[in-house]
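A short worksheet on the structure shown next.
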Amino acid sequence: MENQKNSFNNFFKDFLNQEQQKAISPKNGVLLVHAGAGSGKTRVITSRIASLIINHSVDPESILALTFTNKAAKEMKERVKNFLQENTKLPYVGTFHSYCLRLLKSSKYFSKSNFSFSLIDEDDQNKIIKGLIQKHNLDKKITAKQVLSFISKIKNETHNPETSSAFLLANNIFQELYHMYEKEKSISNCLDFDDLLIKSYRLFEENPEFKAEFQQKIRHILVDEYQDTNQIQHLILKTMCLNKASENGDFAIDSLCAVGDEDQSIYSWRGATVSNMLNFKKDFKNTVSITLEQNYRSVQPILDTANSVIQNNKYRNIKNLWSDKQANDRIRVIQCASGYQEGQAISLFLKELTSITNDFNTSNAILYRSHFQSRAIEEALIRFSIPYKIIGGIQFYDRQEIKDIIAYLRLILNPFDRLAFLRIINTPTRGLGPKFEEDYLNQWDEQPFLNFKEIAQNFIENNQLTKNKLDQLKSFLEIFNDLSDQDKASNIITQIISRTNYFSYLDQNFEKEDSQSKKDNIKELINSAIFFEKNNSSFSVKEFLEEISLLQELINSNNSNNTQVYLMTFHAAKGLEFDNVMISGVEEGILPSSHSTYIHESLEEERRLMYVGITRARERLLISYTMHRTIYGQISNQKPSRFINELPDIYIKKDDCSKWPYDNFKYYFQNWINNKKYNYNFDQSYTIDSVVNKPSTSSWMIKQKVEHKVFGIGTIEKIENNALNTYLTIKFNNAIKKIDAKFLKSI
DNA sequence: CCCTTACGTGTTTTT
DNA sequence: CACGTAAGGG
């Protein structure tokens with residue numbers, strides 16, 4: 001224990017600056033940390049947790065750390081673990097959503113039914129709304145998407161959506177669809193993501209005992225990425241920490257530490273408001289504000305670039321990031337012909353990088369605005385045999401085969417779950433199609449208090465089915481025989497697969513390759529269940545569903561160690577850092593996205609995306625855009641993004657590589673990478689024209705005589721090299737011209 | 001009921 | 001392009 005204390009305090013003294021220490025050392029109080037990109041945000045939170053446990057002997061279980069994404073939670077968990085000794089208990093670290101789910105599932109104040117509620121994702125939401133629109137013949141008036149974004153909007157605005165201004169102003173159709181949607185969920189015993197937050201908030205506000213119990217247990221709260229919280233999350237935090245949330249009452253726990261950066265707020269489309277950070281001091285009295293400006297991640301030119309871009313935003317608190325890592329020539333901007341050529345350029349850069357530095361441990365990432373851009377890049381990476389890994393994209397739990405299996409699980413736990421039922425009643429196909437589904441739903445609407453088995457029993461007893469359908473329905477019910485929510489998920493899944501002949505259904509309906517990969521995915525799902533069960537003998541299907549329902553990626557997905565580059569969106573990259581970052585597709589209509597071009601606030605958010613992208617890089621930044629890109633199968637002419645013009649002047653002079661052969665790229669990147677040696681000459685400007693080392697091919701000398709086909713004979717006045725070419729300034733008889741050396745002959 | 005075909009329509013980001 | 005929806009034939 002003493003040992004642990006000493007080593008932590010050494011770390012504290014040696015690796016944390018004064019400002020960071022201010023956020024970490026106090027045991028009690030309210031802290032708001034404005035932390036610029038790379039300023040050690042996560043380090044502050046994790047060290048603070050460690051300090052509370054190690055130096056202040058706080059019980060780890062009275063600490064709650066909330067994040068915004070699963071990835072951040074995972075990362076934080078790991079780093080906290082590293083600080084502490086093996087057998088120390090760990091605090092809860094998770095997303096707002098997962099903590100709320102846990103509160104609701106475990107609370108005796110909330111659950112009223114014997115069956116656990118199911119969580120529905122966006123896909124399910126869509127299905128409910130489409131169903132409602134169809135049922136009420138609103139097809140021509142409204143799209144599911146509009147309704148969905150309306151619902152999400154009002155749910156993010158307040159804990160009581162029906163009183164929100166957006167709701168009151170909305171058209172009747174929207175209001176009615178909202179009510180019908182809520183009703184459908186309640187009949188099906190389902191909650192959506194937003195409900196997790198809203199219901200949790202109400203739990204605190206409506207049950208003083210619940211709140212008291214919570215505040216007795218949880219004494220320290222830490223929140224990461226505060227700029228990305230929405231109204232409800234802010235409210236939840238208030239009710240967790242304050243005596244009377246509605247009146248900004250007294251602080252009721254020991255400490256609260258929120259960390260965020262307005263410049264990295266990129267989730268406003270999901271209801272996140274920076275105002276949460278701005279209002280923080282009003283809502284929490286005696287807040288101590290701390291600003292972290294020293295960046296430990298990137299070399300100075302990269303920060304200059306980031307600052308130069310972000311300063312074009314009007315709505316921000318000015319921060320000035322600085323770094324003590326000086327360097328030179330670390331950013332290149334290239335113009336490519338097409339998305340595929342962009343991929344080629346990136347691939348060739350990566351090739352040179354590994355062959356020159358001979359270092360396979362550098363981390364690299366290719367960032368883009370939206371997933372569709374990855375394809376062209378992937379094609380190139382494959383052709384150059386560069387092992388890559390896509391983060392995000394088609395999420396594991398979004399795959400139809402996984403959703404099918406999960407729907408069976410959901411139905412076991414929640415037999416009122418109509419969405420799960422509709423998903424699988426005819427999957428695999430068993431002759432119970434749309435017509436049957438409609439009849440079934442009509443019956444269910446009349447008796448919503450019955451579960452799917454009881455409705456089926458009615459059908460069977462009333463004898464209204466043809467022989468075939470009757471048999472099929474009976475055998476459907478048999479799938480669920482003696483499967484209980486107490487069983488292990490791995491066993492249940494295996495049973496379902498065999499009882500439904502799911503694998504042969506896949507074989508019959510999909511190409512061999514697709515079918516195989518779907519089977520593999522299901523096996524992965526079983527593996528992940530086994531992984532959980534290994535650690536916890538009482539881990540039933542119930543816990544399994546709770547564990548995975550808020551995840552998108554597989555838990556123990558095998559980390560292939562030979563990945564050379566990661567591909568992901570800017571959003572997915574937030575919180576991560578890499579040695580080399582390639583920002584692709586910096587074109588009008590893509591970044592900024594065409595949806596945001598004419599709305600000032602959205603445009604600023606797009607700029608923040610660019611900013612997030614730039615600040616991911618530790619050492620080197622390759623920014624690219626294309627002249628043509630295939631979008632929706634159509635080739636479209638692209639213009640460089642306005643953000644290109646916001647780069648520091650010296651980078652605006654981009655390199656047009658749209659017609660380059662492979663070799664040119666090779667020399668270009670070799671040259672760039674090798675320049676690393678000359679980094680520490682600060683007087684040098686960053687332009688590639690002034691690169692110090694000459695290509696070895698050049699053998700020109702001042703005053704040397706040369707001949708040009710058109711201009712005749714002259715003498716060399718000046719020699720300039722860039723990465724690829726040598727330019728000579730020649731004095732001819734009656735003119736001075738700057739000419740590419742390859743057009744000249746020495747005499 | 002299910003498969004095929006034709007058409008049209010719209011693509012951001014994630015818990 | 002690639003998905004989902006609508007219509008028609010087996």
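The sequence lines fix the lettering, A, B, ..., with proteins before strands; numbering per chain opens at 1. For clarity, every value in this text was computed on a predicted model and none was experimentally measured.
- The side-chain hydrogen bond (donor to acceptor under 3.5 Å, both in side chains) with A:E587 is formed by just one residue from the set A:Q373, A:R629, A:K639; it is A:R629.
- Contacts of A:E122 with the nucleic acid, taken as non-hydrogen atoms under 4.0 Å apart, include base atoms.
- Put simply, the side chain of A:S584 gets close to the backbone of A:L367: a donor and an acceptor are under 3.5 Å apart.
- Neither OP1 nor OP2 of C:dG4 sits under 4.0 Å from any side-chain N or O of A:K130.
- Nearest to the side chain of A:S370, among C:dC1, B:dT13, B:dC2, sits B:dT13.
- As rounded to whole Å, 13 Å separates atom C1' of B:dT14 from atom CG of A:L197.
- The distance between atom CG of A:N156 and atom C1' of B:dT14, rounded to the nearest whole Å, is 12 Å.
- A:F96 comes within contact range of no nucleotide atom at all, as no heavy-atom separation falls under 4.0 Å.
- If you measure from atom CG of A:N426 to atom C1' of B:dC3, you get 14 Å, rounded to the nearest angstrom.
- Note on A:T569: a side-chain N or O is less than 4.0 Å away from OP1 or OP2 of B:dT14.
- One P atom belongs to C:dG4, the other to B:dT13, and the distance between them is 16 Å to the nearest Å.
- B:dT14 atom P lies 16 Å from atom CD of A:Q233, rounded to whole Å.
- A:R375 comes within 4.0 angstrom of sugar-phosphate atoms only, judged by non-hydrogen atoms across all strands, and of no base.
- Within a 6.0 Å radius of CD1 in A:I391, other residues, nucleotides and ligands contribute more than 12 heavy atoms.
- Between A:F68 and A:Y267, the distance separating the two ring centers is shorter than 6.0 angstrom.
- The distance from atom NE2 of A:H371 to atom P of C:dA2 is 17 Å, rounded to the nearest whole Å.
- Atom CZ in A:F570 sits roughly 12 Å away from atom P in B:dT14 (whole-Å rounding).
- Every residue meeting the side chain to side chain contact (heavy atoms under 4.5 Å, CB included) condition with A:I599, not counting sequence neighbours, appears here in chain and number order: A:E601, A:S602.
- One can place CD of A:Q227 at 20 Å from P of B:dT13, the figure rounded to the nearest angstrom.
- With its ring centre under 5.5 Å from that of the base six-membered ring and a plane angle below 30°, A:W269 counts as stacked on B:dT13.
- To the nearest angstrom, P of C:dC3 lies 16 Å from CG of A:N126.
- When the nearest nucleotides of DNA chain B are assigned to A:K469 and A:T69 by heavy-atom distance, the more 5′-ward of the two goes with A:K469.
- A:S594 comes within contact range of no nucleotide atom at all, as no heavy-atom separation falls under 4.0 Å.
- Take the nearest nucleotide of DNA chain B for A:R430 and for A:Q125: the residue whose nucleotide is more 5' is A:R430.
- Between A:K71 and B:dT14 there is no side-chain N or O to OP1 or OP2 distance below 4.0 Å.
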